[in-house]
Protein chains: 2
Amino acid sequence: MGYATEHIAESLKAARERKGLSQRALSAKAGVPQSHISKIENGAVDLRLSSLVELARVLDLELTLVPRKKLPAVRAIIRGDDDGHRDVQSARKATNLLQRLDDQIAALPSETLSEIVVQELQRRARELMHFKLSADDLVQLQEASAAMQEFLSDPRNLEAVEQAQSQLRMLRNALAHGAGVSAPSLPRPAYRLDGDDRG
Amino acid sequence: MGYATEHIAESLKAARERKGLSQRALSAKAGVPQSHISKIENGAVDLRLSSLVELARVLDLELTLVPRKKLPAVRAIIRGDDDGHRDVQSARKATNLLQRLDDQIAALPSETLSEIVVQELQRRARELMHFKLSADDLVQLQEASAAMQEFLSDPRNLEAVEQAQSQLRMLRNALAHGAGVSAPSLPRPAYRLDGDDRG
DNA sequence: GTGAGTGATATGTTTATGCATATCATAAAT
DNA sequence: ATTTATGATATGCATAAACATATCACTCAC
């Protein structure tokens, strides 16, 4: 199963537990059998949209299609750290950088690079849109983008791609582990799933 | 089919056409058969999550679970009218008002009111979260909420509920038609679907 | 007319769904 | 300790529905 689908399933489970509902209780409210909820949470099924919407509704979540360009800004809102416009600027910067990176990856010459590598890069770049990026993270991203650009202007420079690739990978791992790899001068709240709505 | 599922289907179609793709072209990119895309756009099927995610991916959209509380803010971002923080305040106000309204509806006594009516109210209130609300609209909402409160403190006052109900209905109709029923002192951009990502 | 393009429609196969039941944990009672 | 009860999640199976393949009808160039 894909990353996105798993992510959704996890979000549903997290939201259910946060609301203190058992699978049975959720079942009663949503009209979806408990057995099915179990399968969904275990990633055992590719659930239908109606089931997803029903479950989301009960969990006070709304399924929304967000343009990739605006994903970082939206996630900032969802995390709730937009209060007082604290990191709106940072989110905007992240949006632009990630968009640029995504464009660069899309422009990679398919002759020089294997399709697998390109998809890997794209996946990583898009994954990063889900995280809150600190100023230091943004610097990392900028470097990765610069390396990518170097390769684009000189396709023989395979090292540049590898550098970008490893940089993205490290960044993702650091973010996924909660602790920043770059010096966390100010503590950053741990990553939390979509469904968070306790403010 | 539910409101949410239809909305998603419409968004997909709109996004596809905005990208200038035929159903076949989209089919090739997403690995979803053209015949199936046809049915999806016509609301003839209750598609599976994997199909939805694949289509969204190709159309540069990301499926996201948004807490209801933050839906208005998120939609403001998606519409793109957050530029320069123009109506962030207004969006925040709308968020609070709609949240309050939703809570009030949830608190309605099931003895005095039919389940149908309550669901109708809830549906309308939640629908409004999808729109951009002008200052005048917010006043309308405030009135509806006040009426609702009146009923909550005196459950014999059925007129209050009816007033709130009709107010919500009128507001929705006005917004759906694009033209505001309340004096549009400053022209408001027409409502646009989720998928918009041309900035 | 021919051909390439579009979206809709039929038919067989795969799979999510829904119901019943099984398993598992924890706790209470004998 | 063994049993019994309770509340949770998981599994087996029948069936309805999504999905895949192929075909259709329609439009527009040429």
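The analysis underlying the following values was restricted to heavy atoms, covering all of them including side chains, and did not include hydrogens, waters or symmetry mates. To find a chain, count down the sequence lines: A is the first, B the second, and so on, and within it residues start at 1.
- Following rounding to the nearest Å, A/H36 (NE2) and C/dC19 (P) show an atom-to-atom distance of 12 Å.
- With C/dA10, D/dC19, C/dT17 as the candidates, the nucleotide lying closest to the side chain of B/R48 is D/dC19.
- In this structure, the CG atom of A/L47 is 13 Å from the C1' atom of D/dA18, given to the nearest Å.
- Under the 4.5 Å side-chain criterion, counting only non-hydrogen atoms from C-beta, B/L97 is in contact with B/Q142.
- Taking side-chain N and O atoms only, A/N42 has a distance below 4.0 Å to OP1 or OP2 of D/dA10.
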Verify salt bridge (Lys or Arg N to Asp or Glu O under 4.0 Å) between B/D60 and A/R68, making sure each step is shown before the conclusion.
CA-CA 5 Å; B/D60 287 321; A/R68 207 184 304 291; 3.5 Å; yes

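- Distance A/L55 CG to C/dT17 C1': 12 Å, rounded to the nearest Å.
- Exactly one of B/L113, B/L121, B/V117 qualifies for a side-chain contact (heavy atoms from CB on, under 4.5 Å) with B/I105. That residue is B/L121.
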Might you work through the salt bridge (Lys or Arg N to Asp or Glu O under 4.0 Å) test for A/K13 and A/E10, ending with a clear yes or no?
CA-CA 5 Å; A/K13 178 167 187 178; A/E10 286 171 18; over 6 Å; no

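- When the nucleotides C/dG18, D/dA18, C/dT17 are ranked by their closest atom to the side chain of B/D46, D/dA18 comes out on top.
- Nearest-nucleotide positions on DNA chain C place B/K39 closer to the 5' end than the other of B/K39 and A/G31.
- Distances shorter than 4.0 Å separate some side-chain N or O of B/S38 from OP1 or OP2 on C/dA8.
- Taking atom CG of B/L49 as the reference point, atom P of C/dA16 lies 11 Å away to the nearest angstrom.
- Of all the residues in residues 20-30 of chain B, not one reaches under 4.0 Å from DNA chain D with any non-hydrogen atom.
- Residue order along DNA chain D, read from the 5' end via each residue's closest nucleotide, puts A/Q34 first among B/V32 and A/Q34.
- For the pair B/S35 and D/dC19, the criterion of a side-chain N or O lying under 4.0 Å from OP1 or OP2 is not met.
- Salt-bridge check for A/E62 with A/R57: failed, with every basic side-chain N at 4.0 Å or more from each acidic carboxylate O.
- Between the P atom of D/dT21 and the CD1 atom of B/I37 lies a distance of 13 Å, rounded to the nearest Å.
- Within the 4.5 Å cutoff, side-chain heavy atoms of B/L52 are placed close to those of B/L12.
- Residue B/R16 has a polar side-chain atom (N or O) positioned under 4.0 Å from OP1 or OP2 of C/dG7.
- For B/K13 and C/dA8, the NZ to P distance is 6 Å, given to the nearest whole Å.
- Applying the side chain to side chain donor-acceptor pair (under 3.5 Å) rule to A/Q119 yields no partners; only residues at least two apart in sequence or on another chain are considered.
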